[in-house]
Amino acid sequence: QMVELRHNSQTCMICNDRSLNFIDWKSLKSYPAKKFPSIPIKIISREQNTVYILCQNGVLYLCDMRSNRSMSISFNRVLTPSALTSWRQSPAIGIGFKEGLVDLFDPRVMLVFKSVVTEPVYNIVPAQRNACNFAIASDDKVLIYNADNKKDDELGKPDLSIIVDSPFISPYDGNVIVAGINDVYHIDCEVFQRSSILGDFYQKKNLGIR
């Protein structure tokens, strides 16, 4: 896995020996930064010099590439961490678990401020409907959740659920691209009814969401 640091000439990557290394493209040199006690499963970058690494043991590491220092938080859950994401509009970090849970974590205070029960999470990406909307890829579904719901009976109910065989999701300009076995979909996260099936030669047709 690798990720580019924002507004920087460096790229961070996880190696097979569980170590974090970064490449400085100006000097064309590689530097070791840290070795983790557990296998890293996801790495993201938010700020210019900070990367977040989620490991199999349920620990999230925050690594500052300038000082080569790191902080960590353990979620103390008997769950399997599987996904990691962040939002442009919010300082929150989203951590997904295969058993069906998303924790919203505030790195400023190093605390989880909300948990959302979901379908099993295999991947998670941000959505643009508000500051903490997110989409997850589950076993045979893609679901979009609103973490800002104030009512307890609404929290955990997806705003959208579509059946897709073995979906893989990727963020695209606030929306979501879904790759399934048979088709590729563009989910318009602002107006679901504008979502479409993407075909060859720039062709697309409406997905038919009502």
If I compare all heavy atoms of [X] with all of [Y], which pair ends up nearest, and what's the gap?
{"X": "F36", "Y": "C63", "value": "CZ-SG, 4.3 Å"}
{"X": "A127", "Y": "C189", "value": "CB-SG, 3.7 Å"}
{"X": "P120", "Y": "K98", "value": "CB-O, 3.0 Å"}
{"X": "I93", "Y": "W87", "value": "C-CZ3, 3.9 Å"}
{"X": "Q193", "Y": "N206", "value": "O-ND2, 2.9 Å"}
{"X": "V121", "Y": "S82", "value": "O-OG, 2.6 Å"}

Given 3.5 Å as the limit, does a donor-acceptor pair link the side chain of [X] with the main chain of [Y], or not?
{"X": "S195", "Y": "L207", "value": "no"}
{"X": "N146", "Y": "N133", "value": "no"}
{"X": "T85", "Y": "G94", "value": "no"}
{"X": "Q56", "Y": "I41", "value": "no"}

inquiry  = Just checking M110: does its CE atom have more than 12 heavy atoms from other residues, nucleotides or ligands closer to it than 6.0 angstrom?
reply    = yes
query = Considering residues, nucleotides and ligands other than I181, do more than 12 of their heavy atoms fall under 6.0 Å from its CD1?
reply = yes
key: salt bridge (charged side-chain N to carboxylate O under 4.0 Å, His left out) partners for D106, two or more places apart   = R108
[Y] and [X], any side-chain heavy atoms less than 4.5 Å apart:
{"X": "I187", "Y": "I169", "result": "no"}
{"X": "Y185", "Y": "V142", "result": "no"}
{"X": "F134", "Y": "P126", "result": "no"}
{"X": "S38", "Y": "V59", "result": "no"}
{"X": "T118", "Y": "L143", "result": "no"}
{"X": "Y145", "Y": "I124", "result": "no"}

Give, for atom [atom1] of [X] and atom [atom2] of [Y], the distance between the pair rounded to the nearest 0.5 Å.
{"X": "M71", "Y": "L62", "atom1": "CE", "atom2": "CG", "result": "7.0 Å"}
{"X": "I53", "Y": "S45", "atom1": "CD1", "atom2": "OG", "result": "9.5 Å"}
{"X": "S138", "Y": "N123", "atom1": "OG", "atom2": "CG", "result": "11.5 Å"}
{"X": "N57", "Y": "S74", "atom1": "CG", "atom2": "OG", "result": "7.0 Å"}

inquiry  = I'd like to know whether D188 forms a side chain to side chain contact (heavy atoms under 4.5 Å, CB included) with N175, so could you lay out the CA-CA distance, the side-chain angles of the two residues, the decisive distance to 0.1 Å, and finally the verdict.
reply    = CA-CA 5 Å; D188 190 314; N175 297 314; 3.9 Å; yes
Honestly curious: do [X] and [Y] fall in one hydrophobic cluster under the side-chain, below-4.5 Å linking rule?
{"X": "F168", "Y": "V178", "answer": "no"}
{"X": "I39", "Y": "L54", "answer": "no"}
{"X": "F113", "Y": "V102", "answer": "yes"}
{"X": "I136", "Y": "Y122", "answer": "no"}

request  = Begin from the C-alpha positions of D103 and S115 and carry the test side-chain hydrogen bond (donor to acceptor under 3.5 Å, both in side chains) through to its verdict.
outcome  = CA-CA 4 Å; D103 277 338; S115 297; 2.5 Å; yes
request  = Run the numbers on E119 and D139 for side chain to side chain contact (heavy atoms under 4.5 Å, CB included), then give the verdict.
outcome  = CA-CA 8 Å; E119 296 281 332; D139 297 298; 5.8 Å; no
ask   = Between Y172 and H186, what is the ring plane arrangement, given parallel below 30°, perpendicular above 60°, and tilted in between?
value = perpendicular
task = Starting from the C-alpha separation in whole Å, work towards a yes-or-no answer on side chain to side chain contact (heavy atoms under 4.5 Å, CB included) for V112 and I95.
result = CA-CA 10 Å; V112 173; I95 300 98; 5.9 Å; no
inquiry  = Under the criterion side chain to side chain contact (heavy atoms under 4.5 Å, CB included), I'd like the reasoning laid out for Y61 against S72: C-alpha separation, chi angles, the key distance, then a yes or no.
reply    = CA-CA 4 Å; Y61 292 89; S72 65; 3.6 Å; yes
